Protein chains: 2
Amino acid sequence: MTEHPPATTPERILAAAGEIFGQDGFKAATIRRIAHAAKANVASIHYHFGDKEGLYAAVLENFFQAGFSRFPADAGLDATPEERLLAFVRSLLYRVLSREGWGGMAGPGRLIAREFLEPTPSFKPIIEKYIKPQKDILTAILSELLGCDAQDEILASCALSVIGQCLYSALRPPVVQRLAPRQAVQAEDDLDRLAAFVWQFSLGGIGRIRANRSIPAGG
Amino acid sequence: MTEHPPATTPERILAAAGEIFGQDGFKAATIRRIAHAAKANVASIHYHFGDKEGLYAAVLENFFQAGFSRFPADAGLDATPEERLLAFVRSLLYRVLSREGWGGMAGPGRLIAREFLEPTPSFKPIIEKYIKPQKDILTAILSELLGCDAQDEILASCALSVIGQCLYSALRPPVVQRLAPRQAVQAEDDLDRLAAFVWQFSLGGIGRIRANRSIPAGG
DNA sequence: ACGCGAATAAAACAAATGTTTTATTCTGTC
DNA sequence: GACAGAATAAAACATTTGTTTTATTCGCGT
């Protein structure tokens with residue numbers, strides 16, 4: 001995800017901006033710190049990227065472009081729905097948490113998590129371009145698993161449960177880790193086991209929801 | 001959660017600070033805006049709360065105190081594990097999302113979500129005081145459902161899946177709602193149905209995990 | 001070697017912000 | 001009614017920040 005230190009000035013700025021925006025957030029990050037970290041001048045930032053927001057948008061696009069090209073979500077379209085669900089969960093977790101991806105809260109993932117929570121204007125095009133297709137892929141998988149058509153209400157709920165499990169794992173370090181101290185998830189093996197767990201848990205949940213479908217829900 | 005407009009100055013400041021810290025975050029929020037919204041003077045903030053961070057800590061403690069006293073997590077200790085899981089999920093969702101609680105992303109929930117993502121120093125005592133006990137309650141419920149003892153590894157994973165589903169629902173408005181446009185979750189009835197869904201989904205997941213326990217995991 | 005534009009560097013600006021200082025008003029007590 | 005201390009108000013301060021302006025340097029085609 002990060003390149004070698006020596007590079008052209010805009011590249012160094014982009015890399016430094018990614019780290020510092022990720023650590024401090026858009027507002028709290030300062031042009032001067034970024035320039036210093038990039039060994040560049042404050043004016044060169046405005047020269048290459050217009051203004052602070054332009055730089056931020058470039059950082060965002062850069063991260064999503066890299067993450068989604070490295071870990072695409074549509075693997076094995078002709079496999080069974082179960083297998084495709086595992087592939088979806090796996091690629092999502094790898095994209096968000098692995099070191100070659102966004103590195104969780106220790107890397108670009110932190111900046112992206114913040115955008116999920118409170119989108120800046122720069123995030124709107126990202127949603128349309130990168131995230132919306134993900135939703136369609138997951139919806140297709142779930143509609144097969146649940147045996148219902150694409151606009152069923154419980155489909156969105158199941159999608160929320162699956163995504164919720166995955167993305168909450170990404171939030172793990174800051175708070176959850178203080179509750180259950182354990183080494184950060186980064187080893188490939190850990191990610192595979194985490195993906196398998198979320199997959200099984202979700203299959204179990206989906207199965208029960210499907211079984212309940214005709215029965216009136218409730219305690 | 002919010003009191004009537006006329007109150008003592010520290011109360012007005014606390015209320016205004018809650019809203020503005022929630023909207024803008026600690027760093028981006030300004031003392032002057034808070035003072036203006038509270039119809040108070042900037043100096044009175046320092047007079048009553050010391051400094052900006054002291055005010056923030058007071059806001060945080062205030063929210064957690066209110067939220068957890070209004071929606072405690074330990075309901076019906078002699079009920080079945082299934083029923084206790086529903087009670088846990090319900091109280092968590094009501095605390096985070098309901099209008100009488102933290103009101104989701106439209107209210108104090110936003111500030112708290114930010115703390116989950118990136119804890120400030122003021123959040124550390126909150127974790128110990130309010131959040132850690134929650135983890136113990138959920139762990140007890142899950143260990144019964146899974147039939148394993150309290151330090152089993154899959155127990156933490158299941159807890160993560162349950163909490164992940166709940167809290168991800170709280171993040172819904174900003175981004176997810178742009179993908180699946182729908183009125184915000186606030187009606188009591190919606191919350192009950194959401195709780196029931198998460199409950200059923202989780203019971204299904206837990207059941208499958210338990211069934212797999214002796215079988216080697218994997219696809 | 002020259003010159004032109006891109007790129008980098010340094011300094012200057014104006015606006016905003018947390019905090020402190022100094023005055024003024026309010027409140028209850030003798 | 002007067003006074004001490006709490007409470008509120010207004011102004012001043014020192015820093016910081018995004019941006020702009022002005023100089024200087026670098027790359028290179030002729």
Side-chain angles (χ1 to χ4, degrees), chain A residues 3-62 110-111 114-115 118-123, chain B residues 3-62 110-111 114-115 118-123:
Chain A
E3 287 81 27
H4 312 101
T8 142
T9 301
E11 283 171 345
R12 289 203 316 276
I13 291 175
L14 208 59
E19 288 190 22
I20 293 183
F21 276 135
Q23 285 174 8
D24 301 352
F26 176 77
K27 180 67 183 281
T30 75
I31 295 284
R32 279 172 176 80
R33 271 199 57 187
I34 292 171
H36 180 75
K39 294 193 204 308
N41 191 274
V42 282
S44 66
I45 290 181
H46 292 91
Y47 179 81
H48 289 286
F49 297 95
D51 58 0
K52 190 183 181 183
E53 193 168 332
L55 173 61
Y56 185 77
V59 166
L60 220 48
E61 170 64 31
N62 182 41
R110 189 162 170 183
L111 182 147
R114 217 184 330 244
E115 284 293 337
E118 317 184 74
T120 65
S122 310
F123 197 55
Chain B
E3 288 79 29
H4 312 100
T8 141
T9 301
E11 284 172 344
R12 289 201 318 276
I13 291 175
L14 209 59
E19 288 190 23
I20 293 183
F21 276 134
Q23 285 173 8
D24 301 351
F26 176 77
K27 180 68 184 281
T30 74
I31 295 283
R32 281 172 174 80
R33 271 199 56 189
I34 293 171
H36 180 75
K39 295 193 202 310
N41 191 274
V42 281
S44 65
I45 291 181
H46 292 91
Y47 178 81
H48 288 286
F49 297 95
D51 58 1
K52 191 183 181 184
E53 193 168 333
L55 173 59
Y56 186 78
V59 166
L60 220 47
E61 170 64 29
N62 183 40
R110 191 162 170 183
L111 181 147
R114 219 186 328 247
E115 285 293 337
E118 317 184 74
T120 64
S122 309
F123 197 55

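Computed from a predicted structure; not experimentally measured.
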Tell me every residue that passes ring-ring contact (aromatic ring centres under 6.0 Å, His included) with A:F123, counting only those two or more places apart in sequence or in another chain.
A:F64
Provide the closest heavy-atom pair for B:S44 versus B:N41 in the form atom of the first, atom of the second, distance.
OG-O, 2.5 Å
Interatomic spacing from CZ in B:R12 to NZ in B:K39 - rounded to 0.5 Å:
8.5 Å
Would you kindly give the CD1-to-P distance between A:I45 and C:dA7, to the nearest whole Å?
15 Å
Which is the 5'-most and which the 3'-most nucleotide of DNA chain D that has an atom under 4.0 Å from a heavy atom of chain B?
D:dA6 to D:dA12
N/O donor-acceptor pair under 3.5 Å between B:R114 side chain and B:F21 backbone
yes
Contacts satisfying side-chain hydrogen bond (donor to acceptor under 3.5 Å, both in side chains) that involve residues 22-36 of chain B (not counting sequence neighbours) are B:D24-B:R33
Which residue lies more 5' along DNA chain C, comparing A:T9 with B:E53 via nearest heavy atoms
A:T9
Closest heavy-atom pair, B:A40 versus B:I13, reported as atoms and distance to 0.1 Å, is CB-CG1, 4.1 Å
Distances under 3.5 Å only, N/O to N/O: pair up the protein atoms with those of nucleotides 12-17 of chain C.
none

So, the side chain of A:K52 versus the backbone of A:A29: is there a donor-acceptor pair under 3.5 Å, distance only?
yes
What is the distance, to the nearest angstrom, from the OH atom on A:Y47 to the P atom on C:dG5?
12 Å
Whichever of A:F26 and A:A43 has the more 5' nearest nucleotide on DNA chain D, that residue is A:F26
Contacts of A:A35 that satisfy side-chain contact (heavy atoms from CB on, under 4.5 Å) - sequence neighbours left out:
A:V42, A:I45
Using the side-chain contact (heavy atoms from CB on, under 4.5 Å) criterion, which residues pair with A:A37? Sequence neighbours excluded.
A:A16, A:I20
Relative orientation of the end axes in the helix from C:dA1-D:dT30 to C:dC30-D:dG1, expressed as an angle to the nearest 10° (five pairs per end)
10°
Among pairs that include at least one residue of residues 53-62 of chain A, which meet salt bridge (Lys or Arg N to Asp or Glu O under 4.0 Å), considering only residues two or more places apart or in two chains?
A:E61-A:K129
